[in-house]
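Step one of this worksheet: look at the structure below.
In this text, all values refer to a predicted model and were calculated from it rather than measured experimentally.
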Amino acid sequence: MKLSICHGCLALLLFLSSQMALATTKVVAAGSAERSDDSRMSGVERFNIPSIESAASGAAFFDETDIKLRSTWYSRDRRTDNGEDQIRVSALALGIDALSGYAWDTIGFDLTANLSGKLGASRGWSEVLFHNPDNNQERSNVALGQAALKLKFTNGNGDDGLYLRAGYTPIDVGTLGTSGGLLQHAYRGAQAKYQLGDMTFGYGWADRFRNEWDDRYSVMTTAWHQNRGPFAETANKISYIHSLGVRYATTDAAFTLIDAGVGEGEGYRRNGQLAAATTIPLGANVANGNVRVAGYAFGAQYLSALSEFADPSLEWHLGTAATYTRGPLALSAGFAVTHAPDSAEMNFRLTAWANSDNRNYIQTWGQLDDFVWNGQKVVKLGLTYDLSSALRVPGLSAGIFANLSAGLRNPDGSTGRMHELDARLSHAVQGGPLKGMTIDLLPGRLITQNFSGKQSRSDIKLIVGYACTLGKCLQ
């Protein structure tokens, strides 16, 4: 696998360089076990993920530079039934993104900076503030988000061509992804993408990673702590991770997506995935509604060189979902099953938890858990309703979601159950000086039975976000 990935990447780059004349969509889906539930916060536009479209084709460097200001207020209270692993936090995240155009239609630069501000006393590890491993406390922090050089080589025929990024940057290729909470994670690395119509071929490589609760780009390791503070030199270092991917994404009414990739964390883990989605209209009349169907298949295996497994197992996860939408109503249902005897909770990354990202296609995740434990079979049901017309409040919507699962395997061979009920009340301001502001109230309740991996807990989040382009704020 290692040789095949390297040879495949070399062949791709040779092909790209021979052309020299000549992006990204995600399936909308429904680490550490006790710290894996805080990375998705619905409804808030928190950061820009640079892509082929981040600056207009042929744009001058200064004329088309996009300077964006971001702000998010985040409040959370999570309480576990056993009184352990509690979270209580209030934080303010501020950011500025400067995404340039292309000088001489070829070269540009992206730069972002972030501030995470702690508001009052906090409790637990929130994953949205700087975390000091020496004293297990959180504090305010300023950090460099991105600093990336970008190049493009096109033949003047639309967006077809070669796109390169290198530096401190998000990466979205194959099984390499970038996510975050209030602020965006990023890598020290590079990616190459070649776009040809609706097809995008890509390769990504990185040797360092910065997560939301750190201000440094740290070496990737086989443990969650990244050898920080008192854990210095206690985990094996992963020299690099890389991935090769191909994506087909249409912009028609079906928004069809097929995304495939393979990746490797040097000496630690290999993985591969296939995601697909499309929208099926229910008749010629738009009023009849449509059904969005999606599926995700993922497989991975640890490597004995750096992992603790001398005879690693092949792990896999399969998930599918469908969403029926008609007028203001959307009904969704999903099912997934996971086999992860080595990871216990499926590891979708090429490193240990907190050292890289890749969880964007899980179809049945909940607010308090991803529902990807070894042996777990889960059904997710959801209902959302646009209340704009009914209550005459444009941009107001509500939803309720239930996860029902069984078969979670404990170390002693017994099995447990896990259920979750989540709700969401969201408002997106549609006009006036605060147009684009989002307000989300997200309560949730997780119940576990006869399962050692995670305790029952209750949670409520309130998130207010606002982002605007410089010169157009509050207009």
Exercise for review: Write down the atom of L176, the atom of I241, and the distance for their closest heavy-atom approach.
Suggested key: CD2-CD1, 3.3 Å
Review point. Are R228 and N132 linked by a side-chain donor-acceptor pair shorter than 3.5 Å?
Key: no
Check your understanding: Y248 and D259: side-chain donor and acceptor closer than 3.5 Å?
Key -> no
Review point. Can you check whether F348 and F298 have ring centres sitting under 6.0 Å from each other?
Key: yes
Review point. Is there a donor in the side chain of N211 and an acceptor in the side chain of Q226, or the other way round, less than 3.5 Å apart?
Key: yes
**Study point:** Any side-chain donor near an acceptor of the partner, Q191 and Y203, under 3.5 Å
**Key:** no
Review point. With a cut-off of under 6.0 Å to the ring centre and 45° to the axis, is K152 in cation-pi contact with Y102?
Key: yes
Point to revise | cation_pi(R188, Y217) dist<6.0 Å, angle<=45 | key: no
**Study point:** Salt bridge R70-D97, side-chain N to carboxylate O under 4.0 Å
**Key:** yes
Check your understanding: Do R247 and D198 meet the salt-bridge criterion of a basic N to acidic O distance under 4.0 Å?
Key -> no
Check your understanding: Quick one: do the Q367 and D459 side chains pair a donor with an acceptor below 3.5 Å?
Key -> yes
Review point. Regarding S426 and R424, is there a side-chain donor-to-acceptor distance under 3.5 Å anywhere?
Key: yes
Check your understanding: Under the 3.5 angstrom rule, does the side chain of N288 hit a backbone N or O of L282 as a donor-acceptor pair?
Key -> yes
Check your understanding: How would you list, by chain and number, every residue that makes a side chain to side chain donor-acceptor pair (under 3.5 Å) with E420, sequence neighbours excluded?
Key -> none
Review point. Do the two ring centres, one from W224 and one from W213, sit under 6.0 Å apart?
Key: no
